[in-house]
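Notes to accompany the following structure.
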Amino acid sequence: MHALNLQSNSLSLAERLADLAVDALIDEADLSPKPALVDRRGNGAHTDLHLGLMHASALALWPAFKEMAEAALAFGEVGLPLREALGRIGREGEQAMLATTAGVNTHRGAIWALGLLVAAAALEPRSTGAGSVALRAARLALLEDRYAPRPLSHGAQVALRYGVRGAREEAQQGFPAVLQRGLPQLKRSRAQGHGEQNARLDALLAIMSRLADTCVLYRAGEQGLQAMQQGAQAVLDAGGSASLAGRRRLHELDLQLLTLNASPGGAADLLAASLLLDRIESADAFIQGAL
Ligand SMILES: CC(C)(COP(=O)(O)OP(=O)(O)OC[C@H]1O[C@@H](n2cnc3c(N)ncnc32)[C@H](O[C@H]2O[C@H](COP(=O)(O)OP(=O)(O)OP(=O)(O)O)[C@@H](O)[C@H]2O)[C@@H]1O)[C@@H](O)C(=O)NCCC(=O)NCCS
Ligand SMILES: Nc1ncnc2[nH]cnc12
């Protein structure tokens, strides 16, 4: 088991966790070629997003992630006071994001998922296994923040219309898309020697193959969701992104999702969550400069 070293690098634990969260967001944005998402090639299915904006948004969130970790250290336990502090900091983080992007939603889902995970990691720095961190995050997500506004968001609209579980429930259930799909695929593809970028793409595809992504449902309905899930599974079945057959399928999936305007933004957030948990698990090696 790894433990987060509190002393090294002259950074506080909260600062290091905020670094890891921002790194995960930037690595997700840079990963290419992602189907219909913003990446190094272009804007995917988005007219109002681009890679520079994703980077700026990620960097603008560093203070919020740091503050969430500090709140967890200060409260010291899962409970309503910490949950409501995280809600307040999360909403301030959203404001910082919107101020940076001139009102474009780049990372709303990511603030939620990575914020909970950063706080959960800070709560018990000696228990950094992905499952343990995700479980603490789930316990936080299950608490009802009395001050949270409940707007009829895109996620809430499609949850009502299609009866699916969205970002809130994904966290409340302990991030099954990350624990059961993203992280195992990341490790499997690495172990098969597929290279880090292909392993990350495969992890994204594994998440996409099962997720009820409310971003896709809102933009492209059930047809879009089915195309995303089946197309992602087809890439993996063809050998994944490291294989020629898999790359051909990935190219087809990109074209199909672009045609449907179906951007898997929720899956992208959960890839970032997978990368964060992977890094937290490896924090000892990270601190010693090995990663
Ligand atoms: C609990 C909240 C997550 C709110 O959830 P809700 O579902 O009500 O809200 P949404 O505004 O729809 O945001 C949810 C975002 O989560 C991502 N997501 C989607 N499906 C899933 C899923 N199954 N599991 C996990 N995550 C998922 C997704 O984020 C990405 O898409 C964003 C773009 O979305 P949207 O603006 O709808 O898309 P466009 O079509 O591009 O819009 P237009 O171009 O038309 O404008 C992108 O940003 C990605 O991040 C969903 O969007 C939570 O946010 C909350 O309660 N916050 C309050 C503060 C708080 O308590 N914070 C706690 C801090 S720890
Ligand atoms: N790379 C990306 N492209 C579009 N939406 C996103 N939401 C989170 N990451 C994203």
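Counting starts at 1 for both ligands and their atoms, following the listed order. Numbers for residues simply follow the sequence, beginning at 1.
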Which residue and non-hydrogen atom of the protein lie closest to atom 26 (N) of ligand 1, and at what distance in Å? A167 CB, 3.4 Å
L270 and ligand 1 - part of the residue with a heavy-atom distance under 4.0 Å: side chain
V38 and K34: which non-hydrogen atoms are nearest, and at how many Å? O-NZ, 2.8 Å
Do other residues, nucleotides or ligands put more than 12 heavy atoms under 6.0 Å from R181 CZ? yes
Among all protein heavy atoms, pick the one closest to atom 57 (N) of ligand 1 and tell me residue, atom and distance. E94 OE2, 3.5 Å
Minimal heavy-atom distance between G174 and L179, with the atoms involved, is O-CD2, 3.8 Å
Within less than 4.0 angstrom of ligand 1, does H46 place any heavy atom? yes
Distance to 0.1 Å, residue and atom name: give those for the protein heavy atom nearest to atom 39 (P) of ligand 1. R219 NE, 3.7 Å
Is there a donor-acceptor pair under 3.5 Å between the side chain of E222 and the backbone N or O of L217? no
Does an N or O from T214, backbone or side chain, lie closer than 3.5 Å to an N or O of ligand 1? yes
Touching ligand 1 at all, R83? Heavy atoms, strictly under 4.0 Å? yes
Mind checking what residues have non-hydrogen atoms under 4.0 angstrom from ligand 2? E28, K34, L37, V38, H46, L49, M54, T106, G265, A268, D269
Heavy atom of the protein closest to atom 43 (P) of ligand 1 (residue, atom name, distance): H154 CE1, 4.0 Å
Check each heavy atom of T106 against ligand 1 and say whether those closer than 4.0 Å belong to the side chain, the backbone, both or neither. backbone
If you have a sec, work out which protein heavy atom is nearest atom 6 (P) of ligand 1 and how many Å separate them, to one decimal? S153 OG, 3.4 Å
Part of R108 with heavy atoms under 4.0 Å of ligand 1, whether side chain, backbone, both or neither: both
Quick check on E169 - does any of its heavy atoms sit under 4.0 Å from an atom of ligand 1? no
Hey, is A212 touching ligand 1 through its side chain, its backbone, both or neither, going by heavy atoms under 4.0 Å? backbone
Which protein non-hydrogen atom lies closest to atom 50 (O) of ligand 1, naming both residue and atom, and how far is it? D269 OD2, 2.6 Å
Atom CZ of R108 and atom CZ of R91: how far apart are they, to the nearest 0.5 Å? 10.0 Å
